[in-house]
Amino acid sequence: ISGLVGLVFGIAFVWRELKVDHPFIDFHFFIKHPGLATVYMQFIVINIFYYSLFFGLPTYFQTTLHFDARYSGMLMLFISGWSALVSPSTGRWADRAGFCRPLLAGASCMTVGAILLTLFFTDASLTAIGITLSITGISFGIMNVALQAAVLKLSPSSMIGVSSGLFQTSRYFGSILSSVVLGLVFGNEISSGSLHQLGYVLIGLSIIVSLISFMLWTKEWKRKESNP
């Protein structure tokens, strides 16, 4: 019921913003710049994925695996640490080759990480857990930087500030929606079964990101072919 109520209010909010002269969020901007709208949509999905892990895994580690807070935090460093490590090289890669190839690479790592988490994570050794979290951290570092490069390239020069602000808004929106996902999955109990359910959701999200990345790469390839 709460989901339906939220959907109704969301639709009403969008309808109002399209009608007023000075909207809080200018949806006409997204209509005029569909490429940027696609990037924001992808960033929202990515942040649902990763904040579901950031918020959900420490709870799973402490509740189901009975790790203490320090040990759980050290395991989460595999995500944040690898994300930070790959960011500088991804920035140079995006400057040299454009943002589409890094997006495809990040989406591939994201999908592999989601599959490993779903199929092997609950019975995995600590080494396997570390590898799985490292793959997801690498994918987040790549995707985060590549999408920032996409915003800078696709945004009109006069709207860079607005575009960057909407990019960060997409991050917050994704983190909020991740709490909804975790509430639905972990609401009754936190167990290996519920982690499997979360894994299936993450696989679905990674497929969406992969499809959007492939679509952006296809558009960029066609543009280069038509303007050699």
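All values reported here derive from a predicted model rather than from experimental measurement.
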Does CE in Met41 sit with more than 12 non-hydrogen atoms of other residues, nucleotides or ligands closer than 6.0 Å? no

Any Tyr60 side-chain heavy atom under 4.5 Å of Ser192 side chain: yes

Sequence neighbours excluded, the answer for ring pair (Phe, Tyr, Trp, His ring centres under 6.0 Å) partners of Phe55 is Tyr51

Next item on the list: Evaluate side-chain contact (heavy atoms from CB on, under 4.5 Å) for Ser125 paired with Ile129, printing each intermediate quantity in order.
Entry: CA-CA 6 Å; Ser125 64; Ile129 290 175; over 6 Å; no

For Phe67 and Ser72, the nearest pair of non-hydrogen atoms, with its separation, is CB-OG, 3.6 Å

| task | Determine whether Thr136 and Leu117 make a side-chain contact, defined as any pair of heavy atoms from C-beta on separated by less than 4.5 Å. | result | no

Would you say Asn47 and Ser175 make side-chain contact, with heavy atoms under 4.5 Å?
no

Tell me whether Met215 at atom CE has more than 12 heavy atoms from other residues, nucleotides or ligands lying less than 6.0 Å away. yes

*Ring center gap for Phe61 and Tyr71 short of 6.0 angstrom*: no

Residues at least two apart in sequence or cross-chain that pass ring pair (Phe, Tyr, Trp, His ring centres under 6.0 Å) with Phe99, listed by chain then number, are none

Note: with side-chain heavy atoms under 4.5 Å as the link, the other cluster members for Leu152 come out as Ile160

Under a side-chain separation threshold of 4.5 Å, the hydrophobic residues clustered together with Tyr172 are none

Exercise: do Thr64 and Ser191 side chains pair donor with acceptor under 3.5 Å:
no

State, with a plain yes or no, whether a side-chain heavy atom of Phe121 is found less than 4.5 Å away from one of Leu198. no

Quick check against the 3.5 Å criterion: does Asn144 have a side-chain atom that pairs as donor or acceptor with the backbone of Phe140? no

Evaluate the side-chain proximity of Thr118 to Leu202: yes if any heavy-atom separation is below 4.5 Å, no if none is. no

Scanning both residues in full, the closest heavy-atom pair of Ser87 with Ser83 reads OG-O, 2.7 Å

Practice problem: Determine whether Met143 and Cys109 make a side-chain contact, defined as any pair of heavy atoms from C-beta on separated by less than 4.5 Å. | Solution: no

I'd like to know if the side chain of Gln42 pairs up with that of Ser213 as donor and acceptor (distance under 3.5 Å, no hydrogens or angles considered).
yes

Would Ile46 and Leu53 show up in the same hydrophobic cluster when neighbours are defined by side-chain heavy atoms closer than 4.5 Å?
yes

Residues at least two apart in sequence or cross-chain that pass ring pair (Phe, Tyr, Trp, His ring centres under 6.0 Å) with Phe49, listed by chain then number, are none

Is the CH2 atom of Trp82 crowded by more than 12 outside heavy atoms at less than 6.0 Å? no

Q: State, yes or no, whether a side-chain contact exists between Leu57 and Leu133 at a heavy-atom distance under 4.5 Å.
A: yes

Is Ile190 reachable from Val201 through a run of hydrophobic residues whose side-chain heavy atoms are each under 4.5 Å from the next? yes

Is it true that Ser155 and Ser163 share a donor-acceptor pair across their side chains at a distance under 3.5 Å? yes

Smallest heavy-atom separation, Leu36 atom then Pro156 atom, equals CD1-CD, 4.3 Å

task: Say whether Leu147 and Tyr40 are linked into one hydrophobic cluster, either directly or through other cluster members, by side-chain heavy-atom distances under 4.5 angstrom.
output: yes

Students should find that the hydrophobic cluster of Val180, defined by side-chain heavy atoms under 4.5 Å apart, otherwise consists of Leu184

